[in-house]
Amino acid sequence: MAVTAGSSVRDARFTFSGFAGSGEPDPFGVWETPAQRDISPGEEGLVWRVALPDAASALDVVHARADALRRGEDDLARAEDELNALLAGVAPARDAERGLTGAVSYAFSVPAAEEFHPQKEMLRKTLAGLAAVETSPLTGAVAFSAVDAFADEKERKGFQEARQRWLAFVEQVQQMVAHYARVETTIAGAPVGLTRVRWAGDFETFWVPGMPALSREVHHETVNLALASRIALLRVVSVITTGAAGLILKAVALPPGGQVLLIPAARRFILDVMTVLREGRR
Amino acid sequence: MPGENVTTEKPKDLKVSVQQFASELAEKVASFVTDISELEVRTYTITEGQFAAVLDDPKKKNDKVISGDGVQLRAYTRIAFDSDAIVCLPVNESGQIDGAVWDMHQAAVNQALQNRATMLRTIGDAAASALDALKKSR
């Protein structure tokens, strides 16, 4: 990728808005959250805005973001593999590891040398925090048990955080499938093109007459980038829900109240591993 | 007592939320499969600097044609799932096909078809992953 105009890369703005309560960054590291003043009043749905400083470098800048998205998709695939590998290691514990309550426990330990140890350990602790849990002093295996009541304040807060993350996630998915994807491109402050794409694929494109072919191509590519981003977000949803389903199905001894918390736990694991991989490239 | 004002929510409330989410998501995927039976592509021209004007009228949510100052529908294509198509061509003041608008419209149609195919594949893959997770559990 040969982007020679470094200032163009720095001055370009790729923003994404529309997710309610999403103070969290784009999991792929491609889009920024816009300043409040840049959000039009009355605007709803998901909005991707690309503001490019000049036409000459515009295509290179957009293609560089598309490359970043592809690397993020590879990170997601890696995070999914890690979660699946972790799931494969969750096995029924021997009788000796049954908890004092008599609940069936599932062995789930994370060797310190394992890659993504902090994230796996966090997932293990999240699972452990579901209830009055005892950890085997020999194996570190966690015994899942009932969560009908909170054992202490720490547990209550853990549940509250998980619940809020879950509700934000639900809201985001609902917005993603309910609204238009709206993509705007401006070059040197001048509007070039606006495209709105419905959930089922209907397209509406608005062009400023007389735009040069290069500017039109730039907007075409920003639409491709935004749509690829939307599909990548759908894939994140799929990976998280499938991963959580895997955790739920493995942990058959969990009471229903505990199973639901595995979705926020899977979400956190996937996004944390993606962040580690992305930061590692910097 | 610390935390008394933190939350009164219980896991069972979250369970209801998860069940509702799963149900709504399944419903949305089902509606997607129905909705993609037809694809519509519209190309408009708009007066310079007027993007902010492109907003749906909240009272006309189902009215798919946008109207407003400086907004003009120039080309339209509807493609059924069996590939039957209706195309309205853009013409200029002298009745000739407006080549620039037509090129932009064709590019949008191709992009829309590609997007639909990718969405279908993504949703198919997601369903396959879910089935795979179920199989592994047995």
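First the proteins, then the strands, lettered A, B, ... as listed; each starts at 1.
In this structure, OG1 on Thr122(B) lies 11.5 Å from CG on Leu233(A), to the nearest 0.5 angstrom. Rounded to the nearest 0.5 Å, atoms NE2 (His105(B)) and OG1 (Thr205(A)) are 9.0 Å apart. To the nearest 0.5 Å, the span separating OG1 on Thr45(B) from CE on Met211(A) amounts to 12.5 Å.
Heavy atoms of other residues, nucleotides or ligands lying less than 6.0 angstrom from CG of Leu120(B) number more than 12.
Annotation for Gln111(B) and His220(A): closest pair NE2-O, 2.8 Å, computed over non-hydrogen atoms.
Counting heavy atoms from C-beta outward, Trp207(A) and Thr43(B) have side chains that approach closer than 4.5 Å. Side-chain contact between Val71(B) and Phe206(A): present, with at least one pair of heavy atoms (C-beta onward) separated by less than 4.5 Å. Phe203(A) places none of its side-chain heavy atoms less than 4.5 Å from the side chain of Glu40(B).
For Tyr76(B), there are no ring pair (Phe, Tyr, Trp, His ring centres under 6.0 Å) partners, not counting sequence neighbours.
For chain B, no part of Val239(A) is nearby; none of its heavy atoms comes within less than 4.5 Å.
The most heavy-atom pairs under 4.5 Å with chain B, out of Gly210(A), Gly193(A), Ala228(A), Ser238(A), come from Gly193(A). Note on Asn224(A), Thr195(A), Leu234(A): by heavy-atom pairs under 4.5 Å with chain B, the leading option is Asn224(A).
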Distance-only donor-acceptor hits, side chain of residues 112-119 of chain B, under 3.5 Å, sequence neighbours excluded:
unit_1    : atom_1 : unit_2    : atom_2 : d
Arg116(B) : NH1    : Ile36(B)  : O      : 2.8
Thr118(B) : OG1    : Gln114(B) : O      : 2.8

Worked verdict on Asp202(A) versus Leu39(B) for side chain to side chain contact (heavy atoms under 4.5 Å, CB included) | CA-CA 6 Å; Asp202(A) 287 351; Leu39(B) 183 69; 3.9 Å; yes
